[in-house]
Amino acid sequence: MAKYEDMRGKRVIVTGASSGIGLATAQRFVKEGAKVVIFGNTEEKLRRVMEENPEFLGGFSVDVSVEESVKEGFARADEVLGGLDVLVANAGISIRNLFKDTSYEQWKKVVDTNLGGMYLCAKEALSRMEQQKSGVLLLTASTNGMEGHPHYADYNASKAGVILLGKTLALEYAPHIRVNSVCPGYVLTPMQRAEYTDEMLEVVNQGIPMKRHAAPEEVANLFVFLASDEAAYITGQYIAIDGGETA
């Protein structure tokens, strides 16, 4: 059942939407009556997701770290949506390594995707929103951008950059466009599953006040709220959704 009537008919793009938080967020926007296009970086995954979610209006293969790929993706979305009201820039990658074992090639790959991709997607989205003097830009950051975590120097640095990028854009594009960052803590996504054994997950759970990982759908709920008119006075913020971990 829809909770936010103002979301009905809104034109939404969600990046990194082949699985996890991005997919759950795209599905939640559809439930609110929004028109949704998704971006992913794997044709096979996209094809499967589109087959399972025929309510999505389009699913395009986009490498957010490549400028031409991003431009092409937004141009294709224009043909389907005819404009843009909400961008959830969610695409990101994580590679677990100690800093001393992190090659510059890995560093660039993570930072170019997680922070460079935000720059490229935000630039395309904001140019469209600025013309219509309305819109909401939402960035997926992380609690890793708020505090240090071993094994993730490149990821932590990129997510800290996302938070400050969001704050800066909120200042530059107010009052017509709102920009916020969402900072998930531990979320049980395929990416998390790939990096952690069951034993590692349980150790993490014991360190979280709520004693569990978040479900992707819980993060999706926050994205939809922030996109809605109920969050009309919220901009320039980074909001943790972490079961109390950073408390």
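- Here the shortest heavy-atom pairing between Ala157 and Trp107 reads CB-CH2, 3.9 Å.
- Checked by atom type, the side-chain pair Tyr104/Lys108 shows no donor-acceptor distance below 3.5 Å.
- At distances below 3.5 Å, not a single donor-acceptor pair connects side-chain atoms of Gln206 with backbone N or O atoms of Val203.
- Put simply, the side chain of Arg11 gets close to the backbone of Gly82: a donor and an acceptor are under 3.5 Å apart.
- Each of Val37, Leu46, Val30 was evaluated against Phe56; a single residue qualifies, Val30, per the side chain to side chain contact (heavy atoms under 4.5 Å, CB included) test.
- Ion pairing of Glu202 with Lys211 is absent here, as no side-chain N (NZ or NE/NH1/NH2) approaches a carboxylate O to less than 4.0 Å.
- A donor-acceptor pair is defined here as one N or O able to donate and one able to accept, closer than 3.5 Å; such a pair exists between the side chain of Gln237 and the backbone of Thr235.
- With contacts defined as side-chain heavy-atom distances shorter than 4.5 Å, the pair Asn97/His151 does not qualify.
- For the pair Arg212 and Ala215, the tightest heavy-atom approach, listed with the atom from each and the gap, is NH1-N, 4.2 Å.
- Aromatic pair Phe29/Phe223: centroids not less than 6.0 angstrom apart.
- Note on Val70: it does not cluster hydrophobically with Val66, by side-chain heavy-atom contacts below 4.5 Å among ILVMFWY residues.
- In this structure, CE on Met146 lies 5.5 Å from SG on Cys183, to the nearest 0.5 angstrom.
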Salt bridge (Lys or Arg N to Asp or Glu O under 4.0 Å) evaluation trace for Asp198 with Arg193:
CA-CA 8 Å; Asp198 288 343; Arg193 262 285 176 203; 2.6 Å; yes
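- In this structure, CZ in Arg48 is found 8.5 Å from OG in Ser19, a value given to the nearest 0.5 Å.
- Rounding to the nearest 0.5 Å places CD of Gln27 at 7.0 Å from CD of Glu217.
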Run Arg8 and Lys35 through side-chain contact (heavy atoms from CB on, under 4.5 Å) and show every step you take.
CA-CA 8 Å; Arg8 188 166 298 280; Lys35 300 174 181 177; over 6 Å; no
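- Atoms CD and OG, on Glu44 and Ser61 in that order, are 12.0 Å from each other to the nearest 0.5 Å.
- One N or O on the side chain of Ser103 and one on the backbone of Gln106 form a donor-acceptor pair closer than 3.5 Å.
- Side-chain contact check for Glu72 versus Glu67: every heavy-atom pair is 4.5 Å or farther apart.
- With a 4.5 Å cut-off on side-chain heavy atoms, Gln132 and Leu84 do not count as touching.
- To the nearest 0.5 angstrom, Cys121 atom SG is 9.5 Å from Leu137 atom CG.
- No donor-acceptor pair under 3.5 Å is formed between the side chain of Ser69 and the backbone N or O of Ser65.
- The environment of Asn156 atom CG is dense: over 12 non-hydrogen atoms of other residues, nucleotides or ligands sit within 6.0 angstrom.
- The two residues Ser142 and Lys159 make their nearest non-hydrogen contact at CB-CG, 3.7 Å.
- Between Leu169 and Leu126, the closest side-chain pair of non-hydrogen atoms falls below 4.5 Å.
- In this structure, the separation between NZ on Lys167 and CG on Leu139 is 12.0 Å, given to the nearest 0.5 Å.
- Of the N and O atoms on the side chains of His213 and Asn205, at least one donor lies less than 3.5 Å from an acceptor on the other residue.
- For the pair Asp112 (side chain) and Gly116 (backbone), a donor-acceptor distance under 3.5 Å is absent.
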Salt bridge (Lys or Arg N to Asp or Glu O under 4.0 Å) evaluation trace for Glu55 with Lys31
CA-CA 10 Å; Glu55 63 274 21; Lys31 287 181 181 177; over 6 Å; no
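- Heavy-atom minimum distance, Leu115 versus Gly161: CD1-C, 3.6 Å.
- One hydrophobic cluster, built from ILVMFWY side chains closer than 4.5 Å, holds both Leu164 and Tyr238.
- Just one residue in the list Ile13, Thr15, Leu23 forms a side chain to side chain contact (heavy atoms under 4.5 Å, CB included) with Asn90, and that residue is Thr15.
- Both Leu87 and Leu165 belong to a common hydrophobic cluster when Ile, Leu, Val, Met, Phe, Trp and Tyr are linked at side-chain heavy-atom distances under 4.5 angstrom.
- Taking 4.0 Å as the cut-off between side-chain N and carboxylate O, Glu32 and Arg28 count as a salt-bridged pair.
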Quick one: do Val204 and Ile208 satisfy side-chain contact (heavy atoms from CB on, under 4.5 Å)? Show the steps, please.
CA-CA 7 Å; Val204 169; Ile208 300 171; 3.9 Å; yes
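- A heavy-atom distance below 4.5 Å is not found between the side chains of Thr140 and Val182.
- Because its NZ or CZ atom is not both nearer than 6.0 Å to the ring centre of Phe39 and within 45° of the ring axis, Arg76 does not count as a cation-pi partner of that residue.
- Within a 6.0 Å radius of OH in Tyr119, other residues, nucleotides and ligands contribute 12 heavy atoms or fewer.
- Hydrophobic clustering (side-chain heavy atoms under 4.5 Å, transitive across Ile, Leu, Val, Met, Phe, Trp, Tyr) groups Val162 together with Ile177.
- For the pair Asp229 (side chain) and Asp6 (backbone), a donor-acceptor distance under 3.5 Å is absent.
- The closest donor-acceptor contact from the side chain of Thr197 to the backbone of Met200 lies under 3.5 Å.
- In this structure a side-chain-to-backbone donor-acceptor pair under 3.5 Å is present from Ser127 to Glu124.
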Would you please test Thr189 and Ile21 for side-chain contact (heavy atoms from CB on, under 4.5 Å) and show each step?
CA-CA 7 Å; Thr189 63; Ile21 292 170; 4.1 Å; yes
Let's go through Gln192 and Val187 carefully: what are the C-alpha distance in whole Å and the side-chain angles of both, what is the deciding distance for side-chain contact (heavy atoms from CB on, under 4.5 Å) to 0.1 Å, and is it a yes or a no?
CA-CA 7 Å; Gln192 178 77 345; Val187 183; over 6 Å; no
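- Between Asp78 and Arg128, some side-chain heavy-atom pair lies under the 4.5 Å cut-off.
- With Arg178 contributing its side chain and Ile234 its backbone, the two residues share a donor-acceptor pair below 3.5 Å.
- Using a 4.5 Å heavy-atom threshold, the side chains of Leu226 and Val136 count as separate.
- Residue Val36 is not grouped with residue Leu81 when hydrophobic side chains (ILVMFWY) are merged at heavy-atom distances under 4.5 angstrom, including chains of intermediate members.
- When all heavy atoms of Phe99 and Ala153 are compared, the pair lying nearest together is CD1-CB, 3.7 Å.
- The shortest side-chain heavy-atom distance between Asp85 and Val12 does not fall under the 4.5 Å cut-off.
- Ring pair Phe225/Tyr4 is tilted by interplanar angle, where 30° to 60° counts as tilted.
- For the pair Gly244 and Pro209, the tightest heavy-atom approach, listed with the atom from each and the gap, is O-CG, 3.4 Å.
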